[in-house]
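Within every chain, numbering begins at 1; the chains are lettered A, B, ... in the order of the sequence lines, protein sequences first and strands thereafter. Heavy-atom basis, side chains included; hydrogens, waters and symmetry copies ignored.
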Amino acid sequence: MKTIKYLTTPIYYPNNTPHVGHLYSSLLVDVWKKAAKLLNRKHYFTTGLDEHGQKVAQAAAARGYSAQEHVNHLSAKFIEFFQHFNIEWDYWVRTTSVEHKMAVQNIWMKLKNNGYIYKGNYAGWYSISDETYLAEKPEQESEHIVWREEDCYFFKLSALEDQLKKFYEEHPDFVYPNKRYNEAMGFLQNGLKDFVISRPKNRLYWGIEVPDDSDHVIYVWIDALVNYISAVGYPNEEEYKHYWPGKHVLGKDILKFHAIYWPAILMATQLPLPEKLIVHGWWMRDDAKISKSLGNAVPLDDLITKYQVDGIRYFLLRGIELGEDGQFREDILKGVVHGDLANKYGNIFLRMLGIIELRFGGALPNGMPNLKTKEADALRKTLDRLYYSVDTLIDEPETMSEYLNRFIEVIVQINDYFQNNKIWEIEDKVEQAANLYFLMDIFRKATVLISPVLTNSANAVMKFLGFPECSMKYYDSNLPLEYISNRPRLFPKI
RNA sequence: UGCGGAAUAGAGCAGCCUGGUAGCUCGUUAGGUUCAUAACCUAAAGGUCGUAGGUUCAAAUCCUGCUUCCGCAACCA
């Protein structure tokens, strides 16, 4: 029985160094997981690497390492990168692990025993220099390009077409956003062809062997996709059933594999299908996809210095609607970090502390009355909406954008309250203190609720306010009344 | 060439499904203001909604052609 909610990122191909595209996928799941933890729910988050394949083997050879040594090194690098951004997963996937290999071979045998794998023949124009088949007949004859045929295994995808169609018709919410659902439907309408799921070992040695035919290696898609269940213990039924089925976060480029191939593999092995696919867009830089092959990755170290880890985390989530593409440009990042975090979030904190210091010597007087004004109620309502958005996010990761919007609404409204009621001008000290306490209380609560995103800052704010840590334990407790006078500037502008 | 997505103010986007005075954030300009991080408040300038047609009393919105960009189309993963 499923007892734990489970969300995955794609596993990344370590072709090159990690970049902002990898970070984005993992960040989405990280925030979801942290939100769940905040509200004391049990959730599980996996991410990791897809370590097999020709390019990895070639890169290893070029550097004089064995493939395994090479991926060990890359895995460490990716882990370091993600940890730098406070990404906290429950399990780090490596497709070279023994457990994963066993799961993949188990799936292969199930597919075969159920009659979904057959041996066939692949033929085409083969480029010897690129070690790959070409899509079309080359224009010019060349001694490096030859017609070639070889044995290989096929997956009988075509046999599952009707079953998949039926599933999609019965599950209109299976893919988020809707346009990606439509795209998946389009794949189905166009008809499904069987596809090749193995490579001859003499051409690709760096992969998982076909269980009963050591001349062949299982090609990437079965290998990689099975990570979603091997990561939670499959084929150990007892273990993995606590987690599976889960939800997958993925980029729009790999929609077909997750929307068609993966459900098909699960159907063919009679395993439950995923609950949902959440498909995000891409970060573009100068209108090009930020990718491993183009080499236009952004120098993140520089940006961390300027905008902090939290600033980048915030921008990645706030900068685009989930599902859309976005421009990863420093001027836009700067606009968001300054506009939201420095000018609104950081600034109101400083404004409140400024008056507390000026009028009360850094300590709010005790015994604050409960503010009962209309405006105070409105602000409480806005805060409630933020709270509910966290609660919603835990079950519906696709509501990420709304969560961020709700947060900034609260902060803007604190600013408006402060402004409209001219808190700094209130003569009556009791009244002024009551208003400050009220606003600081809302601010503290909003800080706790945004801590899944602003991990470092939220902790810093709570510690400054005198709490031992940032958690729901201190969401409702009385605010400490003594504040040290050295006021912190959150997100200082550079 | 097929399938899908996109083109709206200097930048980033919403609005389109369910036609009816074009909106948000940032930036720019002018004024105000200080409790505050050149913050904050008020106001202004700035768009023939990619393009050419069609439907309609009325089109950013519906339909068609075209152009440009981004994915998938291919054994790159």
K.L.:
So which nucleotide from C76(B), C75(B), G12(B) ends up closest to the side chain of Lys55(A)?
P.N.:
C76(B)
K.L.:
Using whole Å, what does the distance between atom P of nucleotide G15(B) and atom CD of Glu324(A) come to?
P.N.:
9 Å
K.L.:
When all nucleic acid strands are considered with a 4.0 Å heavy-atom cut-off, which category describes Leu490(A): base, sugar-phosphate, or nothing?
P.N.:
base
K.L.:
Once you apply a heavy-atom cut-off of 4.0 Å, does Lys193(A) come out as touching a base, just sugar-phosphate, or nothing?
P.N.:
nothing
K.L.:
Roughly how many Å is it from CD1 in Ile423(A) to P in C35(B), rounded to a whole number?
P.N.:
14 Å
K.L.:
Apply side chain to side chain contact (heavy atoms under 4.5 Å, CB included) to Ala264(A) and list each qualifying residue two or more places apart in sequence or on a separate chain.
P.N.:
Phe155(A), Leu157(A), Leu160(A), Leu164(A)
K.L.:
Check the distance between U34(B)'s P and Asn343(A)'s CG and give it to me in whole angstrom.
P.N.:
19 Å
K.L.:
Between the base of C40(B) and the side chain of Arg351(A), is there any donor-acceptor pair under 3.5 Å?
P.N.:
no
K.L.:
Return the nearest nucleotide to the side chain of Asp325(A); candidates are G71(B), A77(B), C70(B).
P.N.:
C70(B)
K.L.:
Given C70(B), A73(B), G12(B), identify the nucleotide with an atom nearest to the side chain of Lys252(A).
P.N.:
C70(B)
K.L.:
With a non-hydrogen cut-off below 4.0 angstrom, is Arg199(A) in contact with a base, only sugar-phosphate, or nothing?
P.N.:
base
K.L.:
Taking CD1 from Ile254(A) and P from G5(B), how many angstroms apart are they, rounded to a whole number?
P.N.:
19 Å
K.L.:
Establish, yes or no, whether the cationic atom of Lys429(A) lies under 6.0 Å from the six-membered ring centre of Phe360(A) and within 45° of the ring axis.
P.N.:
yes
K.L.:
Looking at Lys334(A), does any N or O in its side chain come under 4.0 Å of the phosphate oxygens OP1/OP2 on G12(B)?
P.N.:
no
K.L.:
Quick one: Ile348(A) CD1 to C41(B) C1', roughly how many Å, whole number?
P.N.:
13 Å
K.L.:
Tell me whether the OP1 or OP2 atom of A77(B) has a side-chain N or O from Tyr219(A) closer than 4.0 Å.
P.N.:
yes
K.L.:
Is any side-chain heavy atom of Tyr91(A) less than 4.5 Å from a side-chain heavy atom of Ser230(A)?
P.N.:
no
K.L.:
Just how far, in rounded Å, is P of C76(B) from CD of Gln58(A)?
P.N.:
11 Å
K.L.:
Expressed in angstrom and rounded to an integer, what is the separation of Phe155(A) atom CZ from C75(B) atom C1'?
P.N.:
18 Å
K.L.:
Once you apply a heavy-atom cut-off of 4.0 Å, does Asn347(A) come out as touching a base, just sugar-phosphate, or nothing?
P.N.:
base
K.L.:
Whole angstroms only, please: what is the NZ-C1' distance between Lys256(A) and G4(B)?
P.N.:
12 Å
K.L.:
Can you tell which of G4(B), C35(B), G5(B) lies closest to the side chain of Lys179(A)?
P.N.:
G5(B)
K.L.:
Of all the choices, A36(B), C3(B), U25(B), which nucleotide is nearest to the side chain of Asn190(A) once you look at every atom?
P.N.:
C3(B)
K.L.:
Where the side chain of Asp253(A) is concerned, which of C72(B), C35(B), C3(B) is the nearest nucleotide?
P.N.:
C72(B)
K.L.:
Is the distance between the ring centroids of Phe195(A) and Tyr261(A) under 6.0 Å?
P.N.:
yes
K.L.:
Flag the pair Ser75(A) / Pro14(A) as yes when at least one side-chain heavy-atom distance between them is below 4.5 Å, and no otherwise.
P.N.:
no
K.L.:
For the side chain of Leu358(A), starting at C-beta, report the closest nucleotide among A77(B), A11(B), C35(B).
P.N.:
C35(B)
K.L.:
For residues Val104(A) and Thr95(A), determine if any side-chain heavy atom of one lies less than 4.5 Å from a side-chain heavy atom of the other.
P.N.:
no
K.L.:
For Phe349(A), answer base if it contacts any base atom (sugar-phosphate contacts may also be present), sugar-phosphate if it contacts only those atoms, and nothing otherwise; contact means non-hydrogen atoms under 4.0 Å.
P.N.:
nothing
K.L.:
Between C35(B), C41(B), G4(B), spot the one nearest the side chain of Glu183(A), thanks.
P.N.:
G4(B)
K.L.:
State whether Arg489(A) places a side-chain N or O below 4.0 Å from either non-bridging phosphate oxygen (OP1 or OP2) of U37(B).
P.N.:
yes
K.L.:
Identify whether any heavy atom of Gly186(A) sits under 4.0 Å from a base atom; if not, whether one sits that close to sugar-phosphate; answer base, sugar-phosphate or nothing.
P.N.:
nothing
K.L.:
RNA chain B: Asn182(A) or Leu204(A), which has the more 5' nearest nucleotide?
P.N.:
Asn182(A)
